[in-house]
Trainee: 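Below are the structure tokens for one structure; questions will follow.
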Amino acid sequence: MKVSLVRNFLSLSGAEALTKLATFVAFAYLARLFGPAGFGYIEWAGTVLMCSSLIVDQGFSAYGAREIAKSPDKTAQLVSEVVTARILLAVIGYIAIAAFALLFVRELIISRLLLVYGLSLFPLPFLLQWVFQGHDRMHVVGIAQIIRQSAFVGVVFLFVHGVDNLLWVGIAEVVGVTCAAAFTIFIYRRYYIEQGRTRWKLSRDLFRDGVPIGLSQMFWVIKMFGATFIVGLIATAEDTGYFAGAMRIYIALHTFVYLYYFNMLPSMSRAWKQGPEILARLIRHSLKIVALSSLIVGIVWVMAAPLIITSAYGQSFISGATALQWLAGACIAAALSGHFRFGLIAAGFQKNEMIATAIGSLAALALIPIGYFNMGTSGAAAALFFAEIIVLIFSWLFFRRALSGQKAEETFESLRRVTI
């Protein structure tokens, strides 16, 4: 299992690194082509789409992967439930985007860009990466991601050559998601369709277990992107730029933390099914590896922060280096808390995980202004660090309670059987 986990993580990380590099090149090209204003339209429309995508997903991907890992024979049933729910949410999401674009957006070009971008919500329900996550076939997940971003980059470079081609950026996103979805459907039909016919239906369990995971994801977005929003409200334009630059690097590196637990979730789910002690043993082993790796990465991150930020943005952004150093601590805390947050999801205590993430997000929003007014951008970044520490503490407490509660329940059940 350990070899499989390492192999899967390397597959995911390699695919993510490749796609991030290609996407960075494409967006650098778009920034130079459209200038600050046009590029701002693209980034803003992309942010709206990201929030809409979270609404469509609603945590169903993590729920589906968890349930497949525990009961692979339920794959067809889960695909039916998840796809049906996400189709309905995609329709609702696009109606919301269309209403917002037509009623509240004044610039015609932005309104049109949102309408085109929003079309990518419709193929999103058929993006079945979560199925292969549940079956530990992470190489398929990686290939789907490469297909998606390669199609996006290809359309951008083939069809976007001037300011008149702005809408093609939205079309590129639609093409990318559609190609990736088509690939995952093809692989699914080839390997898993024999497990049962697809019947479109909804399930109460899907919403009961999936929605808390989706809300947790939204709280994460509020913490990450809300941080820059708050700094933009209270800080100077220069300080906002320094902080946003550091945050973009942080979010990019944080992706690899997420991928680690994306890879771990199926194993955690199976371990919990075998017993709480098996899951605890898996987490203890992983904690030793992650703690040591985080220490090494953290030291390098702090030492290299000035070089990283000036290499990415130029010497004028050197004032953001201290903020980036504080964010190293936030990333380490997130890497450690992931064991307990995803452990809670694997064990079926996703509501507790949502609460821990929500507490951290609210703490970040409250601490950022205090940090900024006392220490500038480094204080705002320090606020995110302390918020991640709070998430770590609460997720650990919730996980420990879940673990002890399950052990007590198993002990009671054993005594009951002996008595009978």
Side-chain angles (χ1 to χ4, degrees), residues 9-10 12-14 16-17 20-21 24 220 223-228 230-232 234-236 238-261 286-341 357 360-361 363-396:
F9 179 65
L10 290 176
L12 288 171
S13 299
E16 189 66 27
K20 278 196 176 299
L21 178 61
F24 176 80
W220 182 88
K223 179 175 61 179
M224 290 297 197
F225 293 92
T228 302
I230 290 175
V231 170
I234 62 178
T236 63
E238 290 79 6
D239 281 351
T240 302
Y242 300 147
F243 184 78
M247 280 296 296
R248 181 167 287 274
I249 294 172
Y250 168 53
I251 292 172
L253 295 174
H254 189 280
T255 301
F256 294 95
V257 174
Y258 169 75
L259 288 177
Y260 180 81
Y261 294 106
S286 178
L287 267 172
K288 294 177 182 178
I289 298 173
V290 171
L292 179 59
S293 302
S294 297
L295 178 62
I296 296 171
V297 171
I299 292 173
V300 174
W301 184 329
V302 170
M303 293 178 62
L307 177 62
I308 293 172
I309 205 160
T310 53
S311 298
Y313 305 114
Q315 192 63 34
S316 60
F317 277 78
I318 187 62
S319 297
T322 306
L324 185 58
Q325 289 172 330
W326 273 105
L327 292 174
C331 197
I332 291 173
L336 296 175
S337 70
H339 291 92
F340 311 113
R341 290 187 294 106
T357 303
S361 298
L365 299 183
L367 291 173
I368 285 171
I370 298 173
Y372 176 75
F373 287 126
N374 285 275
M375 298 169 55
T377 55
S378 59
L384 284 176
F385 166 65
F386 287 114
E388 288 295 350
I389 293 295
I390 291 171
V391 173
L392 172 59
I393 292 171
F394 274 92
S395 58
W396 172 72

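In this text, all values refer to a predicted model and were calculated from it rather than measured experimentally.
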Trainee: Decide yes or no on side chain to side chain contact (heavy atoms under 4.5 Å, CB included) for W326 and M375, but give the supporting numbers first.
Mentor: CA-CA 12 Å; W326 273 105; M375 298 169 55; 4.2 Å; yes

Trainee: Mind checking whether T357 and S361 have side chains closer than 4.5 Å, heavy atoms only?
Mentor: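 Yes; the side chains approach each other to less than 4.5 Å.
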
Trainee: Side chain to side chain contact (heavy atoms under 4.5 Å, CB included) for V231 and I368? Distances and angles first, verdict last.
Mentor: CA-CA 8 Å; V231 170; I368 285 171; 3.9 Å; yes

Trainee: For a 4.5 angstrom cut-off between non-hydrogen side-chain atoms, does F340 reach L287?
Mentor: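 A side-chain contact exists here, since the closest heavy-atom pair is under 4.5 Å.
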
Trainee: Determine the minimum heavy-atom distance between A335 and V257, stating which atoms define it.
Mentor: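 Where A335 meets V257 most closely, the heavy atoms are CA-CG1, 3.7 Å.
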
Trainee: So which atom in Y372 and which in D239 form the shortest heavy-atom distance, rounded to 0.1 Å?
Mentor: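 That closest heavy-atom pairing would be OH-OD2, 2.7 Å.
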
Trainee: Taking the side chain as C-beta and beyond, is there a heavy-atom pair between Y260 and V290 under 4.5 Å?
Mentor: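 They are in side-chain contact.
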
Trainee: What are the two closest non-hydrogen atoms of G320 and A246, and how far apart are they?
Mentor: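 Result for this residue pair: O-CB, 3.9 Å.
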
Trainee: Report yes or no: does Q325 contribute a side-chain atom to a donor-acceptor pair with the main-chain N or O of V302 at less than 3.5 Å?
Mentor: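 Indeed, once roles are kept as given, a pair shorter than 3.5 Å links the two residues.
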
Trainee: What's the spacing between I308 CD1 and L324 CG if we round to 0.5 Å?
Mentor: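 Rounded to the nearest 0.5 Å, the CD1-CG separation comes out at 6.0 Å.
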
Trainee: Would a 4.5 Å heavy-atom cut-off, applied to side chains only, mark M303 and I299 as touching?
Mentor: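 Yes. Closest side-chain heavy atoms under 4.5 Å.
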
Trainee: Does any non-hydrogen side-chain atom of T377 lie less than 4.5 Å from one of T322?
Mentor: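 Answer no - side chains too far apart.
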
Trainee: How close do I309 and I318 get, counting heavy atoms only, and between which atoms?
Mentor: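 Closest approach of I309 to I318, heavy atoms only: CG2-CA, 4.4 Å.
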
Trainee: CE of M247 to CD1 of I251: how many Å apart, nearest 0.5 Å?
Mentor: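 Answer rounded to 0.5 Å: 4.5 Å.
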
Trainee: Measuring from atom OG1 of T236 to atom CZ of F243, what distance do you get when rounded to the nearest 0.5 angstrom?
Mentor: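 CZ of F243 is found 13.0 Å from OG1 of T236.
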
Trainee: How many angstroms lie between SG in C331 and CG in L384, if you round to the nearest 0.5 Å?
Mentor: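 Reported to 0.5 Å precision, the distance equals 11.5 Å.
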
Trainee: Determine yes or no for a side-chain-to-main-chain donor-acceptor pair under 3.5 angstrom, with S337 supplying the side chain and A334 the backbone.
Mentor: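 Answer holds: yes.
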
Trainee: Counting C-beta onward and ignoring hydrogens, is there a side-chain heavy-atom pair between W301 and L253 closer than 4.5 Å?
Mentor: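 SC-SC contact between W301 and L253 confirmed.
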
Trainee: Compare all side-chain heavy atoms of F386 with those of L367 and state whether any distance is below 4.5 angstrom.
Mentor: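 F386 vs L367: side chains touch.
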
Trainee: Looking only at heavy atoms, which two atoms of S395 and R341 are closest? And how far apart?
Mentor: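 Nearest heavy atoms, S395 then R341: CB-CG, 3.7 Å.
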
Trainee: Taking all non-hydrogen atoms of both residues into account, name the closest pair between S294 and I332 and its distance.
Mentor: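 In terms of heavy atoms, the two residues are closest at O-CD1, 3.5 Å.
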
Trainee: Considering only heavy atoms from C-beta outward, does the side chain of Y261 approach that of H339 to under 4.5 Å?
Mentor: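 A side-chain contact under 4.5 Å exists here.
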
